[in-house]
Amino acid sequence: MTKYFATTAAAAAIFATAACAQNPLNPMHGPEADVATAPPAAPYQQVSALVPLPDFLPGMGQLFVDPATLPAGPFVAYDHDGRLVSTIYMIPVKDLNPDTSFDNLAVPGRVVDHTDIYYNAGHPGVPEPHVHIVLWHVSAADEASVAK
């Protein structure tokens, strides 16, 4: 199961990054206007207004989500200056199996620089164990803008 999950997650990250790579001929080039800066347009809502979490999460930023898409998301994350830094999916571990697929996941920020995938045991809003799939729209060096 672990090997299946790791292979599936790695393949998804590679394809998502490749599909959204910065390319002037790619119609998905650049962030969509409604999420380019905080706060994003409706139906996104600030996560801290929906669940007991801080307004800014170190390492992630200020999060917004369309409540209808919970628990998976996409969550859009912003730095202290309101700049979009990542799109995050929170996929419940119980849903990572051969009977469940996640097709046509939106990438509101469009350009993906790199991807991180890591386990989370649960937190307010997504209490069950899940995997964070973070599609970074900024360089690894620029991740520091949400470090604290």
Side-chain angles (χ1 to χ4, degrees), residues 5-96 100-120 122-148:
F5 164 70
T7 302
T8 302
I14 290 167
F15 290 124
T17 302
C20 299
Q22 188 165 349
N23 175 345
L25 300 176
N26 182 348
M28 293 175 50
H29 178 72
E32 293 177 5
D34 59 346
V35 298
T37 57
Y44 286 98
Q45 294 182 33
Q46 191 167 344
V47 170
S48 62
L50 301 172
V51 297
L53 285 172
D55 288 342
F56 192 93
L57 296 164
M60 295 179 84
Q62 184 182 29
L63 299 179
F64 292 82
V65 69
D66 174 353
T69 66
L70 292 173
F75 294 77
V76 287
Y78 299 87
D79 66 12
H80 290 287
D81 295 324
R83 175 180 66 143
L84 179 69
V85 293
S86 69
T87 297
I88 303 168
Y89 279 93
M90 300 183 191
I91 308 297
V93 172
K94 68 178 176 53
D95 292 336
L96 294 172
T100 304
S101 65
F102 297 90
D103 299 323
N104 300 312
L105 298 175
V107 183
R110 301 296 183 158
V111 176
V112 176
D113 182 85
H114 63 286
T115 304
D116 293 337
I117 301 172
Y118 55 91
Y119 174 82
N120 188 290
H123 51 72
V126 187
E128 67 268 11
H130 58 280
V131 175
H132 285 193
I133 301 172
V134 183
L135 306 172
W136 289 98
H137 306 299
V138 297
S139 70
D142 281 347
E143 286 181 39
S145 68
V146 294
K148 51 184 171 174

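- Between Ile91 and Ala72 the shortest heavy-atom distance is CD1-CB, 3.8 Å.
- Of all heavy-atom pairs spanning Tyr119 and Pro129, the tightest one is OH-CB, 3.4 Å.
- Contact between Asp66 and Tyr44 at its shortest, heavy atoms only, is N-CD2, 3.7 Å.
- Contact of the Arg83 side chain with the Ser145 side chain is registered, since non-hydrogen atoms from C-beta on lie closer than 4.5 Å.
- Here the rule is side-chain hydrogen bond (donor to acceptor under 3.5 Å, both in side chains) with Trp136, and of Thr115, Asp116, Thr87, Asp113 only Asp116 fits it.
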Name each donor-acceptor pair under 3.5 Å that joins a side chain in residues 46-64 to protein atoms two or more places apart or in another chain, with its distance.
from  : atom 1 : to    : atom 2 : distance (Å)
Gln46 : NE2    : Ser48 : OG     : 3.0
Gln46 : NE2    : Asp55 : OD1    : 3.3
Ser48 : OG     : Asp55 : OD1    : 2.5

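- Within the model, atoms CG of Leu84 and OG1 of Thr37 stand 9.0 Å from one another, a figure rounded to the nearest 0.5 Å.
- With rounding to the nearest 0.5 Å, the separation of CD1 in Ile133 from OH in Tyr89 is 9.0 Å.
- Annotation for Val134 and Tyr118: closest pair CG2-CE2, 3.8 Å, computed over non-hydrogen atoms.
- Of all non-hydrogen atoms in Ser139 and His114, the two that sit nearest each other are C-CE1, 3.6 Å.
- Between atom CE of residue Met90 and atom CG of residue Leu70 there is a gap of 9.0 Å, rounded to the nearest 0.5 Å.
- Residues satisfying the side chain to side chain donor-acceptor pair (under 3.5 Å) criterion with Ser101, sequence neighbours excluded, are Asp103.
- Nearest heavy atom pair, residue Pro71 against residue Glu128, reads CG-OE2, 4.0 Å.
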